Amino acid sequence: MQTDFRAGVVAVIGRPNVGKSSLLNRILKYKLSIVSAKPQTTRDNILGLYNGASSQILFVDTPGIHAPLNKLGERLVERAVSGLEDANVILYVVTIDDRPEQRENARIAEVLREHSDVPVVMAVNKVDLPGSKNKILLVIDRFTKKIKLRDVVPVSAKDGTNTEVLVKTLESLLPVAAPLYPDDMITDRTERFIAQELIREKVIAFTDEEVPHSVAVEIEEFKSPDEYPERRDLFVRATVYVEREGQRAIILGRKGEKIKTIGTAARKALEEMTGHKTYLELWVKVDKGWRDSEKELKRLGYE
């Protein structure tokens, strides 16, 4: 083992919709986390492994910290905070339009103070936007007055600006250690889990208003040629849960057109992920109040 190899955990934190997942996907060059312009898309702490020549970074993508409106929201914030417990470094993602006094950022500042022994690197995202050059220094000045930061890196998850600089900055703060996982591994999540998330991403993409926040996806059946050599294709049967009949009608669409569109997009994403021709069967069911039900949250994996 080379004596200067570094390995450790970097927890990615930030308010909803600042581009945490997009930034991580860019760094990993792999679509690990689903993305959407709609907030509160990420619902789990997802481990993504960056394997460099002299480091292995275990990125933990966390749900956006926000003011929860239901038990699901409470679970998401709990998960985000728990993602900091084993972190060697915290990567705090903001945008060029962020302010430390924003409600979510003020809460994050409190959380960071509770983990003051962990170095914090702030990534200022969306520097590709017009007029960003005039905003970067102002954002950095505002946050450095409120939070103890080890370093700041302006980045763009969209075009990759400074992502390599960000990786090098994070690497320098990790302990000297041997790799913690095999170097051909990119996540600890199963294809089944990623399939579930990809389906949810497509539902979010093709629906509006309150529907995305009310959606949960459960994989009922997942049969892959990797596990069943006699199969030629991947078979996935999944149920999309919503809270109200009106939401179900929106997802189904007129004469079932919307669910067909969602299914086609999800199937293509699954084929791209797995490399297998895919047969996807989607069902939409109403599960009233699941976001506030301890029993249903546990059944759907939000313990």
Side-chain angles (χ1 to χ4, degrees), residues 15-22 33-46 61-81 103-104 107 189 192-222 235-270 278-303:
R15 66 176 180 81
N17 213 29
V18 293
K20 299 186 300 298
S21 297
S22 296
S33 298
I34 67 174
V35 295
S36 168
K38 292 149 187 160
Q40 298 171 40
T41 300
T42 300
R43 288 180 176 173
D44 287 88
N45 289 346
I46 301 175
D61 187 18
T62 66
I65 290 183
H66 62 285
L69 300 176
N70 46 51
K71 289 187 184 299
L72 172 62
E74 292 172 3
R75 289 285 197 286
L76 301 190
V77 174
E78 288 170 5
R79 285 185 176 185
V81 175
R103 188 175 182 181
E104 295 96 336
R107 171 62 181 132
R189 294 292 187 167
R192 186 184 183 110
F193 172 84
I194 297 175
Q196 170 185 296
E197 290 292 274
L198 286 175
I199 293 168
R200 188 165 64 87
E201 178 186 57
K202 301 311 174 188
V203 174
I204 291 171
F206 290 100
T207 56
D208 294 310
E209 298 175 1
E210 84 284 358
V211 176
H213 301 300
S214 301
V215 167
V217 175
E218 183 178 31
I219 301 293
E220 308 281 358
E221 198 170 352
F222 188 93
F235 174 75
V236 180
R237 181 165 56 87
T239 299
V240 178
Y241 289 101
V242 290
E243 291 188 304
R244 296 196 296 276
E245 191 60 47
Q247 295 167 343
R248 179 175 181 272
I250 290 171
I251 292 176
L252 290 175
R254 186 172 178 270
K255 295 183 179 180
E257 291 176 359
K258 181 68 68 69
I259 193 65
K260 286 180 183 177
T261 301
I262 292 169
T264 298
R267 177 180 56 78
K268 289 179 179 177
L270 290 170
T278 300
Y279 178 79
L280 174 62
E281 188 177 289
L282 286 180
W283 298 87
V284 186
K285 296 182 180 179
V286 175
D287 186 357
K288 292 182 179 180
W290 72 265
R291 288 185 297 171
D292 269 316
S293 167
E294 295 282 358
K295 179 182 177 182
E296 289 303 283
L297 286 172
K298 184 175 181 179
R299 185 179 70 81
L300 294 169
Y302 299 110
E303 296 185 61

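Not measured: the values here are computed from a predicted model.
Side-chain contact check for I204 versus V215: every heavy-atom pair is 4.5 Å or farther apart. Residues E104 and R107 form no side-chain contact, since every pair of their non-hydrogen atoms from C-beta on lies 4.5 Å or further apart. The shortest side-chain heavy-atom distance between K202 and L282 does not fall under the 4.5 Å cut-off.
In terms of the side chain to side chain contact (heavy atoms under 4.5 Å, CB included) criterion, residue partners of R237 (sequence neighbours excluded) are, by chain and number, E220, E221, F235, E281, W283. Remark: T261 engages F206 in a side chain to side chain contact (heavy atoms under 4.5 Å, CB included) (not counting sequence neighbours). For the side chain to side chain contact (heavy atoms under 4.5 Å, CB included) test, residues two or more places apart in sequence or in another chain that qualify with K285 are T239, Y241.
Once rounded to the nearest 0.5 Å, the distance linking CG of D287 with CD of E243 reads 8.0 Å. A distance of 10.0 Å separates OG1 in T264 from CD1 in I259, rounded to the nearest 0.5 Å. To the nearest 0.5 Å, atoms CZ (R200) and CD (E218) are separated by 14.0 Å. I262 contributes atom CD1, which lies 6.5 Å from atom OG1 of T207 (distance to the nearest 0.5 angstrom).
Looking only at distances, a side-chain donor or acceptor of W290 sits under 3.5 Å from a matching main-chain atom of S214. No donor-acceptor pair closer than 3.5 Å links the side chain of S293 to the backbone N or O of G289.
Counting all heavy atoms, side chain and backbone alike, A269 lies closest to L198 at O-CD1, 4.0 Å. Residues V217 and A238 approach most closely at CG1-CB, 4.3 Å, considering heavy atoms. A216 approaches L300 most closely through the heavy-atom pair CB-CD1, 3.8 Å. Taking both residues in full, the closest heavy atoms of G263 and L280 are given as O-CD2, 3.6 Å, listed atom of the first, atom of the second, then distance.
Pairs passing the side chain to side chain donor-acceptor pair (under 3.5 Å) check and including a residue from residues 248-257, sequence neighbours excluded, read E245-R248.
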*Dump the intermediate steps for side chain to side chain contact (heavy atoms under 4.5 Å, CB included) on V242 and I250, then the final yes or no.*
CA-CA 10 Å; V242 290; I250 290 171; over 6 Å; no

*Yes or no on side chain to side chain contact (heavy atoms under 4.5 Å, CB included) for Q247 and I251, after CA distance, side-chain angles and deciding distance?*
CA-CA 6 Å; Q247 295 167 343; I251 292 176; 5.6 Å; no

